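These notes are about the structure you will find just below.
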Amino acid sequence: MAEAILRLEKVCKAYNVGLPTESEVLHDIDLEVDRGEFVALIGPSGSGKSTLLNIVGLLDRPTSGRLTIKGQDTASLSDTELTHLRGHTIGFIFQSHLLISAFTARENVMMPLLVDRGFPGPEIEAQASRLLDQVGLAKFADHLASNMSGGQQQRVAVARALAMNPDLVLADEPTGNLDTRSAEAVFDLMRQVNREVGTSFLLVTHNLDLARRCDRIIEVVDGRIQS
C-alpha cells in the first residue's frame, strides 16, 4: 500500500469568521498525495488553488477539517512546530524564482541549510554544489543569480527547493514566466527528480499540456475539487 505524504480530510477555509463579511473559500476538500506521486493541480483564477497551496504548505491553517503530513496531524502543532515540519518536509518552487540576485547560485541553494543550521560549513557548500550539478548547473555555481537566464534561475530554484531533502515539493506555476523551451526543461527536471529520488510533487499549473504529463490531475473550481 502506498504511503500518503499528504492527506486533507473535509478541509474548509473561511476568512472574517463571525463577521458579516465572512467568506468560505475552500469547501470540504478531500485530497491525498502518495510518496513518489507527481500531481497537477489546475483550476481557473480565483478557484482557491493558492489558498489550498498555502494550507498544504503549512503557511495557513484550515478553519476546519484535518490536515496530516507524513501521518502527523498538524492541528495540535504550535507555530514553531509547524515551521520545523515545513522546513524539513516541504520544498517550495514559485513562479518568480525569488532568488537573491546579489548571491551566487551556490549561495542561493545554501540558504535553507543555513537557516536550519545557523552557520556555514564545507558540508553545506558541498551539498549545494551537488544539487547544482544534479540540475545541470555545476559550472554556474559561482555565477550571480542576476547574471543567469530565466530558465537557469528557475533551475537554481529547483535545487534550492531540494536542499533539505523534502518529501514533498509544492510548485506554484514554476514555468509560468518561462519561454516554451525553458518551461519544458524545468518540467523535465522536476519529473526527473521525482522519478530518481522519489520526491512527491504537487504542481499548480495553467498549462494543460504539462498537466496531462503528470500522474494525476486534480481540478479545483469555486473552492471544491471537481475531479
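The figures that follow rest on heavy atoms only: side chains count, while hydrogens, waters and symmetry mates do not. Nothing here was measured: the structure is a model prediction, and the numbers come from that model.
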**OP:** Any chance you could lay out the salt bridge (charged side-chain N to carboxylate O under 4.0 Å, His left out) test for Asp188 and Arg213, step after step, and finish with the verdict?
**Re:** CA-CA 10 Å; Asp188 289 343; Arg213 290 160 58 186; 2.8 Å; yes
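- In this structure a side-chain-to-backbone donor-acceptor pair under 3.5 Å is missing from Gln153 to Leu99.
- Using a 4.0 Å cut-off between a side-chain N of Lys or Arg and a carboxylate O of Asp or Glu, Asp79 and Arg61 qualify as a salt bridge.
- A donor-acceptor pair under 3.5 Å is formed between the side chain of Thr74 and the backbone N or O of Leu67.
- When side chains are defined from C-beta on, Ser200 counts as touching Leu168, because their heavy atoms get closer than 4.5 Å.
- From Asp167, atom CG reaches atom OG1 of Thr199 across 7.5 Å, with rounding to the nearest 0.5 Å.
- Between the side chain of Gln154 and the backbone N or O of Pro174, at least one donor-acceptor pair lies under 3.5 Å.
- Remark: Thr63 engages no residue in a side-chain hydrogen bond (donor to acceptor under 3.5 Å, both in side chains) (not counting sequence neighbours).
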Subject >> Chi angles and distances behind the salt bridge (charged side-chain N to carboxylate O under 4.0 Å, His left out) call for Arg216, Glu37 >> reply: CA-CA 8 Å; Arg216 203 158 43 99; Glu37 269 200 299; 2.9 Å; yes
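- Among pairs with a residue in residues 165-200, those fulfilling ring-ring contact (aromatic ring centres under 6.0 Å, His included) read Phe38-Phe187, at least two apart in sequence or across chains.
- Checking side-chain atoms of Asp215 against main-chain N and O of Val39 turns up no donor-acceptor pair under 3.5 Å.
- Judged as a ring-ring contact (aromatic ring centres under 6.0 Å, His included), and not counting sequence neighbours, His27 has no contacts.
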